[in-house]
Amino acid sequence: MYVSHKYKLIFLRTPKTASSSLSEFFIKNIPDPDAIYTPVEDSNIPATLSNEIINKYKINFAYYHFTLQDLVDNRIITKQQALEYRTIAVLRDPVDRQKSFYYFYRKWKGRDTEASLVQYKSWTTKGSFIGEPNSSIRQTDILKYNGEIHGEYWLYQNLHNDLSQLMRELNLSVTHMLPRHKNDFRKNRDNEIVFDEQAMNTLRTAFGSDIDLYNKLTEETYV
């Protein structure tokens with residue numbers, strides 16, 4: 001989470017969408033000493049958000065992935081600010097995001113084993129990974145306030161273009177390039193697991209709203 005009242009900008013972090021990299025980018029490039037943000041552990045950047053709120057959401061590190069509703073409910077922003085500020089989150093291809101989770105978890109759960117669809121299925125239930133609550137977060141829930149999406153989703157594959165456009169609109173220079181955190185877990189994408197019909201059906205059951213929005217924004221269709 002990153003909130004700048006000076007620039008009327010809110011960025012909300014979604015798991016496996018370059019969220020820690022983007023948080024660091026905003027913190028280091030936007031000149032707002034009063035900005036409110038959660039920690040970026042990859043870069044040892046401490047939070048400016050109050051410890052009281054962080055401790056309230058400490059279980060499973062839920063404070064990393066506040067929704068717009070959470071910000072209002074915890075009085076981090078007002079209802080009016082939720083509706084008027086420019087609010088941004090990133091939307092990633094749900095299949096690619098799911099595979100990113102899988103290969104990320106393999107570094108700890110499946111070291112020295114062969115990646116396989118069988119292993120993937122044994123680690124997941126109803127679309128999320130067993131014992132990993134963050135993997136069940138729907139991307140389309142992040143920007144919801146009172147049950148409706150408010151704000152804009154940047155497509156993961158267009159991230160650099162959208163980020164450059166935002167900085168131009170804010171009339172700000174980039175002094176720190178976008179870092180690449182957690183980017184070395186999928187070195188051979190040509191030889192990755194392929195989801196079968198069962199895996200796709202389970203994914204759609206759990207993340208149908210993400211798939212529908214991704215289809216809408218890209219004009220693509222999952223079979």
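From a predicted model like this one, the values you see are computed outputs, not experimental measurements.
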Partners of Asp212 by side chain to side chain contact (heavy atoms under 4.5 Å, CB included), sequence neighbours excluded? Arg204
Find the distance between CD1 (Ile45) and CD (Glu24) and round it off to the nearest 0.5 Å. 4.5 Å
is_close_aromatic(Phe195, Tyr120), centroid dist under 6.0 Å: yes
Side-chain heavy atoms nearer than 4.5 Å, only ILVMFWY residues, links allowed to pass through others: does that put Val118 and Tyr103 together? no
Ignoring hydrogens, what is the shortest heavy-atom contact between Pro15 and Ile137? Give both atom names and the distance. CG-CD1, 3.9 Å
Do the non-hydrogen side-chain atoms of Tyr105 and Ser135 ever get within less than 4.5 Å of each other? yes
Run the side chain to side chain contact (heavy atoms under 4.5 Å, CB included) check on Ser20 and Glu41 step by step: do they pass? CA-CA 8 Å; Ser20 58; Glu41 291 190 346; over 6 Å; no
Residues pairing under salt bridge (Lys or Arg N to Asp or Glu O under 4.0 Å) where one sits in residues 125-143, two or more places apart or in two chains, turn out to be Lys109-Glu132, Arg138-Asp141, Asp141-Lys144
Report the distance from atom OG of Ser100 to atom CZ of Arg92, rounding to the nearest 0.5 Å. 4.0 Å
All side chain to side chain contact (heavy atoms under 4.5 Å, CB included) counterparts of Thr14, not counting sequence neighbours: Thr17, Ala89, Arg97, Gln139, Ile142
Would you find a donor on one side and an acceptor on the other, under 3.5 Å apart, between the side chain of Thr205 and the backbone of Asn201? yes
Partner residues of Ser4 under the side-chain hydrogen bond (donor to acceptor under 3.5 Å, both in side chains) criterion, sequence neighbours left out: Asp32
Shortest non-hydrogen contact from Gln119 toward Gly110: NE2-CA, 4.3 Å
In short, salt bridge (Lys or Arg N to Asp or Glu O under 4.0 Å) pairs touching residues 73-83 with sequence neighbours left out are none
Please test His65 against Asp70 for side chain to side chain contact (heavy atoms under 4.5 Å, CB included), starting from the C-alpha separation and ending with a verdict. CA-CA 9 Å; His65 305 297; Asp70 291 330; over 6 Å; no
Apply side chain to side chain contact (heavy atoms under 4.5 Å, CB included) to Asn29 and Leu172, showing your working. CA-CA 8 Å; Asn29 284 290; Leu172 296 174; over 6 Å; no
Write down the atom of Ile193, the atom of Ala115, and the distance for their closest heavy-atom approach. CG2-C, 4.1 Å
Indicate if Trp108 and Trp123 have the same hydrophobic cluster label, given that clusters are the connected sets of ILVMFWY residues with side-chain heavy-atom separations under 4.5 angstrom. yes
With sequence neighbours excluded, tell me which residues meet side-chain hydrogen bond (donor to acceptor under 3.5 Å, both in side chains) with Ser209. Thr140
Close side-chain approach of Glu152 and Asp162, heavy atoms under 4.5 Å: no
Quick one: closest heavy-atom pair of Ser136 and Phe207, and the distance? O-CE2, 3.8 Å
Considering non-hydrogen atoms only, spot the tightest contact between Gly127 and Ala206 and give its length. CA-CB, 3.9 Å
Return the CH2 to CD distance between Trp154 and Gln165, rounded to the nearest 0.5 Å. 9.5 Å
Are Ile130 and Leu117 connected, step by step, through hydrophobic side chains (Ile, Leu, Val, Met, Phe, Trp, Tyr) whose heavy atoms are closer than 4.5 Å? no
For Tyr57, side-chain hydrogen bond (donor to acceptor under 3.5 Å, both in side chains) partners two or more places apart: Asn74
In the structure I gave you, are the side-chain heavy atoms of Met1 and Ile36 within less than 4.5 Å of one another anywhere? yes
All side chain to side chain contact (heavy atoms under 4.5 Å, CB included) counterparts of His150, not counting sequence neighbours: Leu68, Leu83, Tyr145, Glu148
Parallel, tilted or perpendicular, judged at 30° and 60°: which one describes the rings of Tyr63 and Phe61? perpendicular
For residues Tyr37 and Ile27, report the shortest heavy-atom separation together with the two atoms involved. CD1-CD1, 3.5 Å
dist Leu143:CG -> Gln69:CD (nearest 0.5 Å) comes out at 12.0 Å
With a 4.5 Å limit on heavy-atom distance, are the side chains of Tyr102 and Phe129 in contact? yes
Report the distance from atom OG1 of Thr38 to atom CD1 of Ile53, rounding to the nearest 0.5 Å. 11.0 Å
Check whether any side-chain heavy atom of Gln81 lies under 4.5 Å from a side-chain heavy atom of Val72, and answer yes or no. no
Intermediate values then yes/no, side chain to side chain contact (heavy atoms under 4.5 Å, CB included), Leu91 and Leu213: CA-CA 9 Å; Leu91 181 70; Leu213 181 59; 3.8 Å; yes
Does any part of the side chain of Arg106, heavy atoms only, come nearer than 4.5 Å to the side chain of Thr113, both counted from C-beta? yes
Sequence neighbours excluded, the answer for side chain to side chain contact (heavy atoms under 4.5 Å, CB included) partners of Asn161 is none
Considering only residues two or more places apart or on different chains, which pairs with a residue in residues 56-66 satisfy salt bridge (Lys or Arg N to Asp or Glu O under 4.0 Å)? none
The reported gap from OG1 in Thr218 to CD in Gln157 (rounded to nearest 0.5 angstrom) is 7.0 Å
Qualifying salt bridge (Lys or Arg N to Asp or Glu O under 4.0 Å) pairs with a residue from residues 164-176, counting only residues at least two apart or across chains: Arg86-Glu169
Within the structure provided, determine whether Phe26 and Leu166 are in side-chain contact (heavy-atom separation under 4.5 Å). yes
pair Leu12-Leu71: side-chain heavy atoms closer than 4.5 Å: yes
Could you pull out all residues at least two apart from Tyr85 that satisfy ring pair (Phe, Tyr, Trp, His ring centres under 6.0 Å)? His5
